[in-house]
Amino acid sequence: MDMIVLLGEKRRRKKELNGDSTLSICCWWEEERYPEGIKWKFLEHKGPVFAPPYEPLPENVKFYYDGKVMKLSTKAEEVATFFAKMLDHEYTTKEIFRKNFFKDWRKEMTSEEKSTITSLSKCDFTHMSQYFKAQSEARKQMSKEEKQKIKEENERLLKEYGYCVMDNHKERIANFKIEPPGLFRGRGNHPKMGMLKRRIMPEDIIINCSKDSKIPAPPPGHKWKEVRHDNKVTWLVSWTENIQGSIKYIMLNPSSRIKGEKDWQKYETARRLKKCVDKIRNQYREDWKSKEMKVRQRAVALYFIDKLALRAGNEKEEGETADTVGCCSLRVEHIKLHPELDGQEYVVEFDFLGKDSIRYYNKVPVEKRVFKNLQLFMENKQPEDDLFDRLNTSILNKHLQDLMEGLTAKVFRTYNASITLQQQLKELTNPDDNIPAKILSYNRANRAVAILCNHQRAPPKTFEKSMMNLQSKIDAKKEQLADARRELKSAKADAKVRRDEKSKKIEEQLMKLEVQATDREENKQIALGTSKLNYLDPRISVAWCKKWGIPIEKIYNKTQREKFAWAIDMAEEDYEF
DNA sequence: GGTGATACTTAGAAGACGGGGT
DNA sequence: ACCCCGTCTTCTAAGTATCACC
């Protein structure tokens, strides 16, 4: 595989540089890799950190039912506090949320409570809510020493539980704290919103570690559900969550060998797709003409996945989650066909909710054949029928596997994201620009990818204000520049040079602010982080930084540099995706 | 081919932090 | 010294994909 060749090449280069006859290994990416399936040989950790136990409210904090003070049992009170803490959120006004919450809350009540509390609308949590607000206010007002104490306690916890040993490395664990109990908040219109997420106990926990490691001890008086020694998986701890019945895991940080290697491999697969994407595109264009309906549907779906970077679209259990779709699960109601729209022919209008209930809205001119096929697929169907009724992700991925080893639908997103970044960087970088302007170009290239992948964010609540602030800074700077120029004009010859330098400096500052304003404005509803972290081959960015003399810190923050350490070490300025 | 279980990646929001301005 | 705002970090939900079993 390419990776192995690259590995050897890099080592050789390093060896030559060092004049070293021994092979010096310093990082995981210079190590030998395990055979398929084996994830580690040694794994030792301290187990998870549990959520702190519930602390009952002080006596003076009251809950009212139907206008009268009511003392709740500890269990019922705990669940009530979950609701009280969310009182300001619009969640708590939603019918489904209230219904689910009330149903689960009642399960925690004593029989007396159950018979008294029969209506959520008669419950008054405002005093409890005020108490929590005062608490968080008090936390902000804590003295330096108190804050320091908390910080030290967190550091101690991190030091003790935040790391594990996997083979020869001490690795950071991503999420060593067990999720605390609370009310489930789904995204979008989730049928289970408001349900009680129960407290996880040691008896729920499966520990995974190696036989010859020091096995973590359960909290006193408790037992683990199970201790196993499975080195075919990467997780350290797992438990089953009660809302969807799905399994949750404690795994390693992105900077770890096990995650980094996989990430690297992901980009190598995408690069292999680059080599055969033309062939695959020709193939699916041919398949638009197939006699078989199944093949045509597959070919049109693949075209969407490739052209529009849609997700695969697995089936979901109805009523268990928010109603969202991806490519294969698109329904007739999610597209509109326009033989002609705004002077363009064969336009498909997409409007559906994707992952996290983020809306995908796009009007796309397509080839005539695609358009005709879509008309065919929609014939005699109801709006709620599947658009691709002969297709699912399993069929699609099986086909992709035949086209290229390791090819799945998501590889197209990775490939198209990375190749777009590379192209856009080539197109947008102006060699004469200064560093801030070059970074604007980088962000614009990144933005092109985020738009392709439909990575949106809610415009920050303070967006307008922050733009205003920036604008007033710009105005002030302009004023300053005008002053400096007047001074320059009237300055005596011997002071001219000094004055000129001053103007230049102010000019540069002004430009930096203006670039910042442009960047922020363009970024109002776009989230760059997701593509940067998950879709863009980091070696493209590293190479770009090297080529133009941009410090890598301008592109990646500390966490990102840790995650992409392999790429920062590996990529040279001539790297090509 | 369908189905449920499992393991892993990808995702936006919320909360914590910290640096610059006053 | 404090506060405000942008950035970083954490949190955990929501996807993708594969596999065993029928």
Side-chain angles (χ1 to χ4, degrees), chain A residues 37 39 86 89 136 139-141 143-144 147 150-151 154 158 162 174-180 182 184-188 190 192-193 197 206 208 230 232-235 238 240-241 243-254 258-259 262-263 265-266 294 305 311-317 320-322 324-329 353-358 390 392-398 400-401 406-414 417 450 453-458 460-463 465-466 469-470 473 516 520 525-535 556-560 562:
Chain A
K39 304 293 168 62
M86 297 172 86
H89 204 289
S136 81
R139 225 168 301 133
K140 275 184 221 155
Q141 300 301 322
S143 72
K144 234 194 234 159
K147 281 182 183 165
I150 292 173
K151 206 176 162 190
N154 286 336
L158 175 68
N175 55 326
F176 59 93
K177 290 180 186 155
I178 299 272
E179 297 168 19
F184 176 79
R185 319 146 80 120
R187 310 271 172 106
H190 197 116
K192 299 194 171 184
M193 62 168 87
K197 212 171 88 165
I206 303 174
N208 192 34
D230 182 358
K232 308 274 199 300
V233 296
T234 67
W235 54 267
S238 77
T240 301
E241 150 269 359
I243 303 289
Q244 317 277 355
S246 64
I247 307 170
K248 299 244 176 171
Y249 303 93
I250 292 183
M251 290 185 187
L252 298 193
N253 198 67
I258 201 108
K259 294 290 181 190
K262 199 82 187 295
D263 207 36
Q265 201 181 105
K266 174 180 75 185
K294 185 178 149 179
I305 285 170
R311 295 186 185 82
N314 284 319
E315 302 94 301
K316 309 167 66 185
E317 219 172 326
E320 293 292 299
T321 60
T324 63
V325 297
C327 185
C328 293
S329 51
L353 297 182
K355 181 176 180 179
D356 292 324
S357 293
I358 298 290
R390 307 285 174 89
N392 60 39
T393 55
S394 166
I395 295 169
L396 179 63
N397 280 334
K398 261 189 204 116
L400 293 176
Q401 195 60 238
L407 187 61
T408 63
K410 81 196 261 289
V411 178
F412 282 88
R413 254 168 99 81
T414 312
C453 294
N454 200 40
H455 291 141
Q456 298 187 31
R457 61 165 183 180
K461 286 187 188 75
T462 53
F463 186 82
K465 201 167 137 202
S466 113
N469 282 346
L470 200 49
K473 271 191 195 172
Q516 207 184 341
R520 196 175 296 176
Q525 301 196 63
I526 311 286
L528 298 186
T530 301
S531 49
K532 205 178 203 176
L533 234 45
N534 301 300
Y535 289 102
Y556 290 138
N557 67 31
K558 186 168 143 280
T559 315
Q560 297 171 151
E562 280 168 10

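Reminder, nothing fancy here: chain letters follow the sequence lines and each chain counts from 1. FYI, side chains are in, hydrogens and waters are out, and symmetry mates aren't considered; it's all heavy atoms of this structure. Keep in mind that what you see is a predicted model, and the values were worked out from it rather than measured.
Salt-bridge annotation for A/Glu320 and A/Lys192: present, with a side-chain N of the basic residue lying under 4.0 Å from a carboxylate O of the acidic one.
Close to B/dT6, at under 4.0 Å from its OP1 or OP2, lies no side-chain N or O of A/Tyr249. Note on A/Lys266: every side-chain N or O is 4.0 Å or more away from OP1 and OP2 of B/dT9. An OP1 or OP2 oxygen of B/dA11 is reached within less than 4.0 angstrom by a side-chain nitrogen or oxygen of A/His455. An OP1 or OP2 oxygen of B/dG1 is reached within less than 4.0 angstrom by no side-chain nitrogen or oxygen of A/Lys398. A/Lys248 has a side-chain polar atom (N or O) that falls below the 4.0 Å cut-off from OP1 or OP2 of C/dA13. The side chain of A/Ser394 contributes no N or O atom lying less than 4.0 Å from OP1 or OP2 of B/dG2. For A/Arg413, no side-chain nitrogen or oxygen approaches OP1 or OP2 of B/dT9 to under 4.0 Å. Close to B/dA13, at under 4.0 Å from its OP1 or OP2, lies no side-chain N or O of A/His89. In terms of phosphate contacts, A/Asn557 brings a side-chain nitrogen or oxygen within less than 4.0 Å of OP1 or OP2 of C/dC8. At least one side-chain nitrogen or oxygen of A/Lys39 sits closer than 4.0 Å to the OP1 or OP2 atom of B/dC8. Of the side-chain N and O atoms in A/Asn314, one or more sit less than 4.0 angstrom from OP1 or OP2 of C/dT16. Between A/Thr530 and B/dG12 there is a side-chain polar atom (N or O) within less than 4.0 angstrom of OP1 or OP2. OP1 or OP2 of B/dT10 has at least one side-chain nitrogen or oxygen of A/Lys410 nearer than 4.0 Å.
Counting only heavy atoms from C-beta outward, the side chains of A/Lys39 and A/Val233 never approach each other to under 4.5 Å. A heavy-atom distance below 4.5 Å is not found between the side chains of A/His455 and A/Ile526.
Here the nucleotide nearest the side chain of A/Ala409, chosen from C/dA13, B/dA11, C/dA17, is C/dA17. Proximity note for A/Pro180 (side chain, C-beta onward) versus C/dC11, B/dC8, C/dT12: the nearest is C/dT12. Side-chain atoms of A/Ala527 lie closest to B/dG12 of the nucleotides C/dT12, B/dT9, B/dG12. Here the nucleotide nearest the side chain of A/Thr234, chosen from B/dG12, B/dC8, B/dT10, is B/dC8. In the set C/dG15, C/dC11, C/dT12, C/dG15 carries the atom at the smallest distance from any side-chain atom of A/Thr324.
At the heavy-atom level, A/Arg520 lies under 4.0 Å from the strands shown only through sugar-phosphate atoms. Contact annotation for A/Ala322: no contact, since no heavy-atom pair falls under 4.0 Å across all strands. Using a 4.0 Å heavy-atom criterion, one finds that A/Gly529 contacts no nucleic acid atom at all.
Nucleotide C/dA17 holds its C1' atom 12 Å from the CG atom of A/Leu400, rounded to whole Å. The nearest whole Å value for the distance from the CD atom in A/Glu241 to the C1' atom in B/dA7 is 15 Å. The interatomic distance linking A/Ile243 (CD1) with C/dA13 (P) rounds to 8 Å, in whole Å. The distance between atom CG of A/Asp356 and atom P of C/dG15, rounded to the nearest whole Å, is 6 Å. As rounded to whole Å, 14 Å separates atom P of C/dT10 from atom CD1 of A/Ile250. A/Arg185 places its CZ atom 10 Å from the P atom of C/dT12, with the value rounded to the nearest Å. Across the protein-nucleic acid pair, A/Asn397 atom CG and C/dT16 atom C1' stand 8 Å apart, rounded to whole Å. Distance, A/Lys316 NZ to C/dA14 P: 8 Å, rounded to whole Å.
For A/Lys147 (side chain) and A/Lys140 (main-chain N/O), a donor-acceptor pair under 3.5 Å exists by modelled atom type. With A/Asp356 contributing its side chain and A/Ile358 its backbone, the two residues share no donor-acceptor pair below 3.5 Å.
Applying the side chain to side chain contact (heavy atoms under 4.5 Å, CB included) test between A/Leu400 and each of A/Thr393, A/Ile395, A/Ile305, A/Leu407 identifies A/Leu407 as the sole match.
Ranked by how close their nearest DNA chain C nucleotide is to the 5' end, A/Gln244 and A/Thr408 are led by A/Gln244. Remark on DNA chain B: of its neighbouring residues A/Lys151 and A/Arg187, the 5'-side contact belongs to A/Arg187, judged by nearest-heavy-atom nucleotide. Nearest-nucleotide assignment on DNA chain C puts the 5′-proximal partner with A/Thr559, out of A/Thr393 and A/Thr559.
Shortest non-hydrogen contact noted between A/Gly162 and A/Phe176 is CA-CD2, 3.6 Å.
Between the side chain of A/Lys355 and the base of B/dT10, at least one donor-acceptor pair of N or O atoms lies under 3.5 Å.
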